[in-house]
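If you're wondering where the values come from, they're calculated on a predicted model, not measured in any experiment. Whatever order the structure lists ligands and atoms in, that order sets their numbers, starting from 1. One-based numbering along the sequence shown.
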Amino acid sequence: MTIDVSDFSAYPHRHLLGIEGLFPHEISFLLDRSESYVDQNRQADKKKSTLRGRTIINLFFENSTRTRTSFELAGKRLGADVINMSVATSAIKKGETLIDTAMTLNAMHPDVLVVRHPDSGAAKLLSEKVNCAVISGGDGRHEHPTQALLDALTIRRRRGDLAGLQVAICGDVLHSRVARSNIHLLNTMGARVRLIAPRTLIPDSIERMGVEVFYDMKEGLQDCDIVMMLRLQKERMQTSFFPSVREYFHFFGLDYEKLSVTKPDALIMHPGPMNRGVEIDSEVADDYGRSVIREQVEMGVAVRMACLEVLGLPREIDDSTVRNL
Ligand code: CP
């Protein structure tokens, strides 16, 4: 299918709450639009006026460096007014609920709300209460759609196409919204996904998502094109999932020995923030012949510009085509 990247009706949804349910041509459209911003972001003058007069509110209930900063940069580079709501200094600290906060912000007529929240489904709930577009910046263990899009853009620029690639997603899959969004996106675009982790960090029945599961790094990494490492999310662990960090690194930390079984040019990815010496060896993370971790961050700004542009401008939306996204 040929995609007209100037025709925003190619993404016929009010929100971006997840990757699940998106069609391949809708994902390709967002990636193609993102691509057009990569060069612009490398120029001295990075500013456009596409979203002049529009208001974007970043509402982050969890810490973030990459996602919050890149949404802010993306909005500003498109000429929008961007407000970062600090939960620490907001009325949420006085007990205001998510819904009341959303209704309050809605009364100020924002055009896009970007939300990160520790609870799965929070972004969807919010989208049902406000009049503007909502983009999820990550909700609980559910999804982190713009992370999967920026990962896909990074891979596509290096490999040309996602279809047919063998991608290994390794580590704390149980707590990872990044893994879930990437599984949906990679499967939709024709890649094959393997998950590699200790049994305790693999969700029950995850095979139903169309993935292969391995409990040994060297078995799972065999001939892979792409290795995506995941952060060990200790802040979401109420019990012990492995004996010690030292043992975890020994069996599941990415080092040159484990990498030796992948394709020789396999790309190394990590969404950040990284725990060096826990899920990834420092030398491997900084091996810029193979590690594209910094490129992922760069692509994050381009992807978020595309998403803000598509969702922040007024569009005719045919309700019969909206699949609750
Ligand atoms: N990858 C990612 O979501 O990073 P932040 O938590 O810094 O936003």
Side-chain angles (χ1 to χ4, degrees), residues 16-20 30-31 34 41 56-77 82-88 112-123 126 134-155 167-186 201 226-237 254 267-276 278-280 285-286 291-308:
L16 176 60
L17 306 175
I19 298 293
E20 186 177 12
L30 291 176
L31 296 180
S34 307
N41 285 335
I56 296 162
I57 301 182
N58 277 331
L59 181 57
F60 277 56
F61 292 83
E62 278 186 340
N63 294 341
S64 167
T65 298
R66 281 145 286 266
T67 312
R68 200 198 58 75
T69 312
S70 58
F71 266 115
E72 181 177 355
L73 263 183
K76 287 180 172 168
R77 286 184 184 170
V82 184
I83 313 293
N84 293 310
M85 263 211 49
S86 161
V87 168
V112 184
L113 267 178
V114 181
V115 187
R116 171 171 286 190
H117 198 280
D119 295 338
S120 303
L126 210 131
V134 175
I135 301 179
S136 169
D139 62 322
R141 301 179 186 188
H142 175 230
E143 283 224 38
H144 191 347
T146 56
Q147 179 68 45
L149 288 166
L150 75 88
D151 290 340
L153 184 63
T154 308
I155 298 171
V167 182
I169 303 178
C170 318
D172 186 357
V173 180
L174 183 68
H175 301 103
S176 179
R177 53 198 177 206
V178 173
R180 247 160 288 276
S181 285
N182 265 305
I183 293 168
H184 287 304
L185 189 148
L186 291 163
L201 292 176
I226 311 287
V227 185
M228 282 186 184
M229 299 309 296
L230 297 174
R231 181 172 69 88
L232 211 47
Q233 298 193 39
K234 290 199 205 115
E235 75 279 13
R236 297 192 206 275
M237 295 180 187
L254 189 67
L267 299 178
I268 299 158
M269 305 181 76
H270 193 303
M274 270 187 286
N275 293 313
R276 290 171 183 265
V278 178
E279 67 261 358
I280 189 164
D286 296 334
S291 165
V292 291
I293 295 169
R294 288 193 306 197
E295 229 166 284
Q296 287 173 266
V297 177
E298 183 188 0
M299 294 309 127
V301 181
V303 158
R304 284 154 186 148
M305 286 172 87
C307 295
L308 287 175

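If you number the atoms of ligand 1 from 1 as listed, the ones under 4.0 Å from a heavy atom of G272 come out as 1 (N), 2 (C), 4 (O). Shown in contact with Q147 at under 4.0 Å from a heavy atom are these atoms of ligand 1, numbered in order with element: 1 (N), 2 (C). Taking a cut-off of under 4.0 Å to the non-hydrogen atoms of T65, the atoms of ligand 1 that pass are 5 (P), 7 (O), 8 (O).
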For this session: Begin from the C-alpha positions of H144 and R180 and carry the test side-chain hydrogen bond (donor to acceptor under 3.5 Å, both in side chains) through to its verdict.
Result: CA-CA 8 Å; H144 191 347; R180 247 160 288 276; over 6 Å; no

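You'll find the side chain of L232 reaches within 4.5 Å of the side chain of L201, heavy atoms only.
Among R66, R116, R68, the residue whose heavy atom sits closest to atom 6 (O) of ligand 1 is R116.
With hydrogens and angles ignored, the 3.5 Å screen pairs a side-chain donor or acceptor of Q233 with a backbone N or O of H175. R231 places no side-chain N or O within 3.5 Å of a backbone atom of D172 that could act as its donor or acceptor partner.
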